[in-house]
Each structure stands twice: as structure tokens, then as C-alpha cells.
Asks: 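Mind looking over this structure? Questions follow.
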Amino acid sequence: MPELTTTSAEKTATAAPDGQSLPDPKPEKARSLWGDAWRDLRGNWIFIVSSLLILLLLVIAFFPGLFSSASPDAKDLAAHYLKKPEYGHVFGADWLGYDAQGRSVYARAIYGTRASLMVGGGTTLAVTVLGGLMGMLAGYFGGWIDAVLSRITDMFFGIPFLLGAMVMLNSFTERSIPIVILALTFLGWTQTARVMRGSVITVKSQDYVQAAKALGASTSRILFRHVLPNAIAPVIVVATISLGVYIGAEATLSYLGLGLDGASWGNDISDGQNQIRVAAYIMLYPSIMLSITVLAFIMLGEAVRNALDPKQR
Amino acid sequence: MTIIDQTASVPGPSDGGADAPLLEVRDLHVEFHTRDGVVRAVNGVNYSVSAGETLAVLGESGSGKSVTAQAIMGILDMPPAKIPQGEILFRGQDMLRMAADERRKLRGAKIAMIFQDALSSLNPVLSVGYQLGEMFRVHQGLSKKEAKARSIELMDRVKIPAAAARVNDYPHQFSGGMRQRIMIAMALALEPDLIIADEPTTALDVTVQAQVMDLLAELQREYHMGLILITHDLGVVADVADKIAVMYAGRIVEQAPVHELYKRPAHPYTRGLLDSIPRLDQKGQELYAIQGLPPNLLRTPSGCAFNPRCPKAQDICRTDTPPLFEVTEPDGSALPGRRSACHFWKETIHG
Amino acid sequence: MAEIRKDEAVDATPNVTEVDVVDAATEDAAVVALDKRVDRGEPILQVRNLKKHFPLTQGVLFKRQIGAVKAVDGVSFDLYQGETLGIVGESGCGKSTVAKLLMNLERATAGEVFYKGQDITKLSGRALKAVRRNIQMVFQDPYTSLNPRMTVGDIIGETFDIHPESAPKGDRRRRVQDLLDVVGLNPEYINRYPHQFSGGQRQRIGIARGLALNPEVIICDEPVSALDVSVQAQVINLMEKLQDEFDLSYIFIAHDLSIVRHISDRVGVMYLGKIAEIGTDVQIYDHPTHPYTQALLSAVPVPDPDSRDHRERIILTGDVPSPANPPSGCSFRTRCWKAQDKCAQEAPLLAIPERFKGADGPAAHESACHFAEEKDVVHAA
């Protein structure tokens, strides 16, 4: 695998330990580093499989009606109480059976996707923006700004993630998706901030940043043209991998009864455990959906990391 | 405090060459398989070194000089590297055909290597005394105490001041020059027959460079070791080598005894290199510069790899790869040890 | 006398006129040094007693200074129009910090740098930006000095974005292509990324960026030390050609003494943050009077195997002391074979040594040694 993923001239040099067997510029067009990463990704089956899965999950999340005609909240206790799955009825409301409230397990697994993806995506976005900004300021300016921001980061880092989220969410009576995102972001941004800070510190000492300063470039130009594009790669990797983690966290919170109101895999797993002896399928299918989703994002993160930093392998 | 030494850094003359060479590399090829294609880093290299002899392998980055050394040491990462053909004979035995553990026994005990970057070659969390002692504990089964005593002895040997007091220090507590001495001590620990030094002084300052090269030359003389010195620095080579192999694009383009090479280079690349270095004792006008770029090993030029940069290139240079010709005087009398991979070696050496 | 020279150096103001300099120097009877100054007119850059001390601190939130690394500790020199001043020294001697101070990438702890009479160490904002147009830099490592995510066109063109007055907008692409042509690169490479070039080509890109604003002074910090031998000569030749073409002044910082001799008109040798000896290339290389210069020169390996048997070499013992804790008196005394008690007590000043003052020879140049004596180590074979 490693030799298959090396593309750019620099990577060739890594392969040949003698040093720079740098090719002279070829009679081909410009190749940016982002372009090289993209070329790497396109040839990587892990990336292809995981992004196809994620694409499918996104379609499910936004158009659940396409996959299930039944509503996740429709209950008919009398008719459907713990009714066993009819595996012949593929995609039907009774395909994966009914839960103790007479709701379609299949419909709930489909409709739970949106909540999970929105919490995962929203939290990742918020965490990246907040953590990235804090890390960039701390790393670039250093001195007392760094001292203050880093201590704040440490303080938040010290709060146990799930415990903190539980305490926070417990104080809300109504737990909508934005509230859950807020709670997870509040506790989750520290890792991104630390990664960003380290990355910025490495980049800011590079000669091209010095060169921009020597030309008289403004601070904002240096930050956004030189530092950010070169420091962002590890943050992207952390973001893709942690997206899966946030989805898992949402499920955990829901399982503990502190998560979302409404359809969510965590809620369903929580409900299902009461019937685990008589009807294990109620818990099984949301769990499978959850595992596939988390796995898909972690695989994507892995592939992105290899593409952005081939030296790590 | 300071030694003004009239005869510094001269290793003893080589042993005539009557006895069989210590190490012989025959037709060695090394390639790296990358996504962009096969990088042919070494393309049929032959050289040999005898006990007490210093062979300098001279080349620029990408010439294959370090890859050859790594192949000899058996420390190439395979894959991506591959050795499709060639032999590396140590005292007549082909190391490439040896069993892995047999080869491991040679490494360190019979053949040792010194790297350019001493700091990254030493383990930062272990004291230097421990790392030196490890050689004796592992290879000779000495006790901890004996090993430590031997370590101090070795550190004295490479002239580290206050060795007994510093034996428990960690690598970062030493200066660059001292760390390189520790590397030399480590290579020397088991009194190997052959030392391969890969750019041993490139990372050091000029004044420290001189100290370390002197030490290396002195130890080599004393232990009668073979030394392969890999470098890009024509100055360092001139000071210590007995014979030189000049590499370009994975091939040896010229071989010669050291005095001969500087006086009468027989390959345009060597000539270009010699002409392009500025001199301390004279201020010339414009420097001679070899045109063009070092070759891309993914697309080595056909024929002679140097032809796109060569002022003497003719059609034949673009089509036929020159073999390593024997170089002779104009009257045909032999010049022992001299070879040149140039179709026009006669014109190059004899004007 | 030495005392007076020092004062003059410290107090030098932008108003020092040619006449003042000549008067002071005549009293010195520094004929050789004087000739240079008269020939060259007003210096374009005057560095006076420049210092940079990096504080050593302890504590995380509340930092407490426990000492200082004296990276640059009182450096003075002049740079004239169209000349190359070489600065040589070993790692840690402060030569790269000097470059950063001249570029205002680091703030000087003390001292002044006058560019055409204006002290640029105190400038900031718009005024500093204006000066930057005239003083540019070429960096050591062509692999890290170009932003890997920008095309060559953007890297060079950025100078025009930062200084919009220097080139009209529609003209910029053509200007970048002209610059590529000037440094010997194909102008069609404008859309390529740095990793598509070899080390030597990248350094040419770095030089093109340095030239973009038509500066008068270019500070070159080890511009060829990361390059292959065969490519070094190309870049050196290019720099010399550009100097003639654009009447540039170079400060050429390097550890390779042979290259510095080749390109420089005058050379300063640095040791532990101070200039040990400064003079023309003939004075420094053929008539060095400072023991450190002599040791440095004699340690350079000579690419001539015939000289190795009889070349006299001075091999220094030990390493460069830490600039956080330099020796008292002369900082070189711990490795010097001439050191005496005086060297530990009294720091020698950079001045023409007393014994050479009357002489008209090339040994009469500034050297910071109590026991300066001439010794030709380069031709000593």
C-alpha cells in the first residue's frame, strides 16, 4: 500500500533514501498538494467504500421517506406489540419487526439517521471552527495570548467528556439537536485546539512565513494565505475521525436517557435493551446502523490522513 | 590546547592489493517501486575495498551513493526497495545470499556504519554509556559493570574529555562533534574490519569537522580497517581517501587513485565538479558551472546519463551507455585502478 | 585609540557625513580601510553595535528571566553600494540572527541599523514596509522557504499584492514571467508548484521573489549550502550576474569559506556573537591576524590531495562555548593557543591592532585580538 500511494516528487524522494531524486518539472500541468491528495484518495478503496457509505447515509438522512413508507412514530400497540421481523418483506414496515410500543424498527432505524448525522456533522463543524480559531491564535501569537488560551483549553480538557455532557444536558428540559451539538462542542473543542496550535507553531517557524514577513505582508495575509492552508491538514484528519466519535457520543447520551427527544439510534438501543431476552432484534438493528456509520467516518478519516500525510505510513 | 600537526589526517598507504579485498560489490542494482514508476537508484555498481584502505564514494544527492551503502549494511527497507541483481562479497562470501541471522552477526561485529546525523542515530532516552555498553553485553556477553568499563575506555579512545564523568550523560547533553565521536566509538566497539561512514562530518562545523576526520583516519590506521567514506565534499576526499569512485545517476562514472583523479580527471562530470568548486587560495572570475539539473531517476536519460549536461556529448552518448573503460596512458601503458565510463575518456584525460 | 573608535561607532548618527568619517579615519592612520571608504562613498547600510539577547525564562504563566543568550553581541559594519560583504562563522555564532535583525524579522535588543541614514530597527508599520522594498532576503533552505500550497506565480506575485504601488495590476503576470526569465527559469513554469522543481530551481524562485521589488540590498542567508555541488556554482554565478545587472549590494552569510571568498569584496568573521576580524578578501584570506580566522581557514579541506602530506593545519580542540554563558574577556580564549591572562580579563576591541597601525600592508585591518599577528595559513603548503 505505501508504495502505491506515493505520488508527488517529494514522496519519491522519501522512497529513495539517498535524497532528492527530484524529477525536473514534467511536461504536464501544475500539481498542487491538495490535487495530489485527491489523486491519492481516488485510488484508495477504503476511501471509495467509506464515501459511498456516507453518501448513502446522507441520502437516507435527508430523504427517509424514500426508504421507509412507515412513520417512525406510528404505533399500534395492539397489532404490533413486539411483533417478530418478517425478513421476506424487504423494506416493508414489518421487515425488521416492531418494538414494545408497536413502532416499526426499520422505520426508526431509517429516521434515526438524520439525528445522528446532524449531531455528528454539526458538532464537528462547530468544534473545528471554535477549536481551530483558538488553536490558531494561541499558536501564532504565542506569549501571553498562548498562555491564557492554553490554560483555558487545559481547563476544558480536564472535564470528562461524557460526564460533562450528561451534567449539561441534564439541566435542559428540552433536548433538541442544536442543544446536543452545543453541549458536545462545548466539551469537545479542546482536542482540535491543541492539534491546531501545534500545527501552527510548526508552520509559523517555516521560512516561507518569514519570507512573507520580510516582504511586509500583513498579519491577516500571513495567517490566512500562509499559515492556515499549511496547518489545516491535521485538523481535517481529526475532524473526520471525531465525526464518528460524536455520533457515538450522541447515541451514548440518548441511551442514558439524556440525548435527543425523538427518533435516534441511541434512544432505540436504550429502549431495546429491556426486551433483549425476548426481542434482541429491536436493539440489534439500530446498533448495526450506528456501527456502520461510525466505521464509515473513521475509515474516511484514516484514508484522508494517509492522503494528506503519506510520510506517516 | 591546540595541536599544530604537520602530518595530520594521512592514512597509511594501502596494502598493495595483493591480498583479496575485504569487501567487493559486484554489479549491484537497487530499485525502488513507487507509484510514479520504478526508481533505479543503483544501476550496476562495482567497487572493492581492502583492509587498511580508504575508498571514497563521491556523488551528489540522488547519485545512489548512500543507497549502495545501505544495501551493503542490509538496512534498506524492502519493500519499497528491491535488489534485482548483484553480489556483495564480504571476505568472499555473498552477503545477499546469507541467512538473516548470519548477516546480523556480521553487522556491527564485522561491518559498522557511521551516519550523518548523530543525534537521530542515538536513542535519546538512554545514556551514551548504556548504548555503548549494549554492544558488549549483546555481542560479547559482558556483565553490566564490565560493559561500562569498556564504554569508558572507548570514550577515552575517541578523545571525549572526562569520559568517566560523562558516561552516564544522555546524547542531547553532548555537542554535535562529541556526539559524532560517540557514533564512532559505537562503530568501533567490536573492532570491525570495515567501517562505512555516510557523510560523517557534513553536519559539523569546519573546525570540528577537521577534528573528527582526523580521529577517524587515525583509528582506521591503528586498527587497520577498511573504510568506505561516502561524501559529496571533494575537499574531505582529498584529505583522507586512497581511491575514489565517482557516482552519477546510480552508476560509477569514474574510478581512480586519489592523486590521479584530481590531477587528470577522465570523466567530464568529475572534471566539471573539480572546476566548479571555489578555491580558498585564489579568487577566480566566474565559476565553471555544470549546466542543467541532476537526473530524474524515474526517467534516466538514454545512453550516458550525464549527456544532457555534458559539454562533450556526441550522438553516441545519447544512444549507447558507456561501459566502465580501462583508462591507459596515450602510449597504451596501463594506469592501474583507473576507469572511466565515458566514450571520450581519451580526449578528457589527455586533452 | 581603540576606545575612541568604539565611541564613534556607537554614537554614529544618520548625519555622519563623508567628511566626518574621513577625518576620524585619517587620525587613525587606517590607510587601507580608508581607501575603501573614499572609493565607495556613503555606505548604504551602517550597522552600529547591534545586539540581540534572547531572554532565558522560567515559569509557565508568570515568566521570570534567569539569563540571556547573547546571540548577537555588539556587531558593527558598513555595506557599500554594489559590494558584497561576506559574513562567515560556525553554527551558533549569530550570523543568521544578524540577517534576521537586518530584515527586522527580530527586534534588536540594542544598536542601530541605518539604511541611507534612517535607523530601521525602530521603524514599524508603513515606514517599515517602505524600507522593506529596498532590503530583501534570500533564504537558506529552498525546500521550506516557498509556500508549498502556492504556485510559483502566486509566490512571486504576492510581493506585488503586498506592495500594490510597485506594479500595476494588469502588468503583474508579465512581471513575474520576466523575473522567472531573469533568474533562468522557463516563464511558462508560472503555474507550477514548488515541489515540482529541484533544489537549485527553487532557490532561483526564491531569488526571483527577492528581486521582485527592485531592492538595493539583498541579504543572503546561506543561499547555496542546501544545494548540490554542481548546482551551487550555477546559483553563485547567477547571483553575481544579477549583482552587476541591478547594482545590488549583498550581505552574504555562509559557513563555507571558499564560496564566501569567491563572491565577497569584504569579509567579516564572526565568533560567539561578535565580529572577530573584518577586512577585504585579500586581507582576511591571505593575511589573517586573528587566531580564530587562522584556525578556521586552515581547517577547510583543500581539494588537492598533493597538499595533504605537508599542509600545516591548526586543529582547534573543544567546541564553541554556549552563547548563554560566554567566557570572560575574549570569547575565543578557551580554544586559543595564544591565550594569556590578559585575554580572560579584557575583551579585545575590533580595531586595527597597534602593531600594524603604522604599516601600509594588508595586515592592517580590524581584528579583535590582543596578540594579533599575521599568519598565512592558506598558502602555507
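Lettering follows sequence order; numbering is per chain, from 1. Please read these numbers as outputs of a predicted model, since none were measured by experiment.
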Asks: What part of C:Leu257 lies closer than 4.5 angstrom to a heavy atom of chain B: side chain, backbone, both or neither?
Replies: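 Both parts, heavy atoms under 4.5 Å.
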Asks: Which pair of heavy atoms, one from C:Ile236 and one from B:Leu287, lies closest together, and at what distance?
Replies: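 Looks like CG2-CD1, 3.9 Å.
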Asks: Provide the closest heavy-atom pair for B:Val258 versus C:Pro305 in the form atom of the first, atom of the second, distance.
Replies: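 B:Val258 and C:Pro305 have their closest heavy atoms at O-CG, 3.6 Å.
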Asks: Side chain, backbone, both or neither: which part of B:Lys263 has an atom under 4.5 Å from a heavy atom of chain C?
Replies: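 Side chain only.
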Asks: Give, as side chain, backbone, both or neither, the part of C:Asp281 having an atom under 4.5 angstrom from any heavy atom of chain B.
Replies: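 Side chain only.
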Asks: Does C:Gln234 reach the main-chain N or O of B:Gly292 with its side chain, forming a donor-acceptor pair under 3.5 Å?
Replies: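 Side chain of C:Gln234 to backbone of B:Gly292: a pair is present.
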Asks: Just by distance, do the side chain of B:Gln211 and the backbone of C:Leu316 share a donor-acceptor pair under 3.5 Å?
Replies: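 Judged by distance alone, yes, a pair lies under 3.5 Å.
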Asks: Nearest 0.5 Å, what's the CD-CD distance between B:Gln209 and C:Glu90?
Replies: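 Reported value, rounded in 0.5 Å steps: 10.0 Å.
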Asks: Given side chains that start at C-beta, do those of C:Val231 and B:Pro294 come closer than 4.5 Å, heavy atoms only?
Replies: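 Yes, at least one pair of side-chain atoms sits under 4.5 Å.
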Asks: As a test of understanding, state which of B:Gln291, B:His232, B:Glu60 forms a side chain to side chain donor-acceptor pair (under 3.5 Å) with C:Ser230.
Replies: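 The side chain to side chain donor-acceptor pair (under 3.5 Å) with C:Ser230 is passed solely by B:Glu60 among B:Gln291, B:His232, B:Glu60.
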Asks: In terms of heavy-atom proximity below 4.5 Å to chain B, should C:Leu297 be classed as side chain, backbone, both, or neither?
Replies: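 For C:Leu297, backbone and side chain are both near chain B.
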Asks: What distance do C:Ile259 atom CD1 and B:Arg279 atom CZ have between them, rounded to the nearest 0.5 Å?
Replies: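 If we round to the nearest 0.5 Å, C:Ile259:CD1 and B:Arg279:CZ are 13.5 Å apart.
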Asks: Measure the spacing between CG of C:Asp306 and OH of B:Tyr262 and express it to the nearest 0.5 Å.
Replies: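 OH of B:Tyr262 is found 11.0 Å from CG of C:Asp306.
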Asks: So which of B:Gly272, B:Ala238, B:Ser276 has the largest heavy-atom pair count under 4.5 angstrom toward chain C?
Replies: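 Most pairs with chain C among the choices: B:Ala238.
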Asks: Check B:Val236, B:Ile277, B:Asp233, B:Val237 against C:Pro303 for a side-chain contact (heavy atoms from CB on, under 4.5 Å) and give me the one that passes.
Replies: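 With C:Pro303 as partner, B:Val236, B:Ile277, B:Asp233, B:Val237 yield a single side-chain contact (heavy atoms from CB on, under 4.5 Å), made by B:Ile277.
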Asks: If you count every heavy atom of other residues, nucleotides or ligands that lies below 6.0 Å from C:Glu245 atom CD, does the total exceed 12?
Replies: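 Yes, enclosed.
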